[in-house]
2 protein chains.
Amino acid sequence: MAHSHDVPTDLTRNQGLVLGALNHSESPLSAYDILDKLRADGLRAPLQVYRALDKLVERGLAHRLESLNAFVACADEHCHRKGLIAFAICEGCGKVDEFADSVIEERLGHWAGAKGFKVERTTMEIRGKCEACVAAA
Amino acid sequence: MAHSHDVPTDLTRNQGLVLGALNHSESPLSAYDILDKLRADGLRAPLQVYRALDKLVERGLAHRLESLNAFVACADEHCHRKGLIAFAICEGCGKVDEFADSVIEERLGHWAGAKGFKVERTTMEIRGKCEACVAAA
DNA sequence: GCGGCAAGTGTAATAACATAACATATCACG
DNA sequence: CGTGATATGTTATGTTATTACACTTGCCGC
Ligand SMILES: [Zn+2]
Ligand SMILES: [Zn+2]
Ligand SMILES: [Zn+2]
Ligand SMILES: [Zn+2]
C-alpha cells in the first residue's frame, strides 16, 4: 500500500472511494484512471469522480497536479498543510514528493505585495528525475 | 496592440502566424482560440497550431500556462529569460504578469540538491486578482 | 541534376480531459 | 411531515491534445 492515511469518516461514499483509490496509488491518477479503478464499485460516469475530487481538493485531502491533469492524495498525515505547497514530479517513476517552503512562500508574498496582486492560489510543480531514477539512468 | 515584439525572421509561416496571434492578445489563448483566429489565414486543424506552439515554447518565444491549458507570448523583449519563470494570472481580467525570481530559484535548487532530484522544468503559477481588479471589486 | 534526408505541412480520425443539464435521492432541521 | 442543502445517477456535450499517414520543401553530398 502506498499510503496508510486514516481516512476521515465523514466522507460520502464516492468521496471515500476516490480518496481510497488515490491513497492506494504510487503515482498520480487522472480522473479517468480513477473511474476505471472504481467501476467495480459501481461508478460509471466521469462526473461522479470529478465531483468527489472537487470536494477532496477543497478540503485539502487531495491535490490537483496541473501539469499532469492528474490528482494525488495529500501526503500530509493530518491534512493540515497550510500555505503554498510544491510538488516534485519524477518523469521516470511517476512518484510525487509534496513539500512546503516558507522562504518561497514569503518571497512570493513579497512580490505580490509590491505589485498589489491578491494571491488566491499557487501552483508550483517541478518536473525532473528523482534520485533513484537518476542513479538508474 | 498588446505587445510590440520584433518577431524573429526565421520562423516558418505557421509559427509566425501563431506567435503573431499570441502577441496581439491581451490574455492567454488556448490552442483552439488561436486556431479560430487563424482560420482566415488558412489554418484548419488543431495540429497545425500545436506543432507551431511546440516550437515556439521550445525556443522560449511562448510559454504554456499549465493551470489554464493556454499559451502566452514571452514577455521578455529579447527572449533570453533564463531559469525559473513565474506567472501571476489575474482571474478578473485575464492578464498575465511574467517574472523571474532568483531567490526562489536558488531555494528550489537547494531543495533539489538535498533530495538528489534533477530538475528539468518548473511550473510556477499564481492565481488571484491584479491590483486594478482588486480596486474595481 | 538528382537521391536522400530532415523539417515542415495538410488532413482526418481519435483519444483524453472536463462540464452542462436534468432528474432523483438523502439527510438535517424546524 | 415540509423544505432546503447536499449528494448522486445518467446522458449528452464541450474542450484540449495526439496518432497516423500522405505530401511538400529545403538542403546536402554525390
Ligand atoms: Zn497536501
Ligand atoms: Zn523516479
Ligand atoms: Zn518569457
Ligand atoms: Zn485583473
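Protein chains get the first letters and strands the later ones, always in sequence-line order, with residue 1 at the start of each.
Evaluation of the side chain to side chain contact (heavy atoms under 4.5 Å, CB included) rule for Ser102(B) yields no partner, not counting sequence neighbours.
Following chains of ILVMFWY side-chain contacts shorter than 4.5 Å, one can reach Leu56(A) starting from Leu38(A), so the two form part of one hydrophobic cluster.
Checking dA12(C), dA17(D), dA21(C) against the side-chain heavy atoms of Leu47(B) singles out dA12(C) as nearest.
Contact annotation: Thr12(B) side-chain N/O to dA7(C) OP1/OP2 distance is not under 4.0 Å. A sub-4.0 Å separation between OP1 or OP2 of dG9(D) and a side-chain N or O of Arg13(A) is absent. Side-chain nitrogen and oxygen atoms of Arg44(B) include at least one within less than 4.0 Å of the OP1 or OP2 phosphate oxygen of dT11(C). Between Asn69(A) and dA18(C) there is a side-chain polar atom (N or O) within less than 4.0 angstrom of OP1 or OP2. Contact check, Gln48(A) against dT8(D): no side-chain N or O comes under 4.0 Å of OP1 or OP2.
Rounded to whole Å, the distance from CG on Leu68(B) to P on dT15(D) is 16 Å. In this structure, the CG atom of Leu17(A) is 10 Å from the P atom of dG9(D), given to the nearest Å. Across the protein-nucleic acid pair, Leu11(B) atom CG and dA7(C) atom C1' stand 14 Å apart, rounded to whole Å. Asp36(A) has its CG atom 11 Å from the C1' atom of dA16(C), to the nearest Å. Straight-line distance from the CG atom of Leu35(A) to the P atom of dT10(D): 12 Å, rounded to whole Å. With rounding to whole Å, Asp10(B) atom CG is found 13 Å from dA7(C) atom C1'.
Along DNA chain C, the nucleotide nearest Leu43(B) and the nucleotide nearest Tyr32(B) are compared for position; the residue whose nucleotide lies closer to the 5' end is Leu43(B). Annotation: of the two residues near DNA chain C, Asp33(A) and Gln15(B), the 5′-most nearest-nucleotide partner is Gln15(B).
Looking at Lys95(A) and Cys130(A), their side chains never come closer than 4.5 Å, going by heavy atoms from C-beta outward. Here the side chains of Thr123(B) and Glu66(A) are not in contact, with every heavy-atom distance at 4.5 Å or above.
Of the residues in residues 49-58 of chain A, those placing a heavy atom less than 4.0 Å from an atom of DNA chain D are Arg51(A), Lys55(A), in numerical order.
Contacts of Ala31(A) with the nucleic acid, taken as non-hydrogen atoms under 4.0 Å apart, are absent.
Between Arg107(B) and Asp101(B) there is no salt bridge, since no side-chain N of the basic residue sits under 4.0 Å from a carboxylate O of the acidic one.
When ring centroids are compared, Phe71(B) and His63(B) stay outside the 6.0 Å threshold.
Remark: Ile89(A) CD1 to Phe117(B) CZ distance equals 7.5 Å, nearest 0.5 Å.
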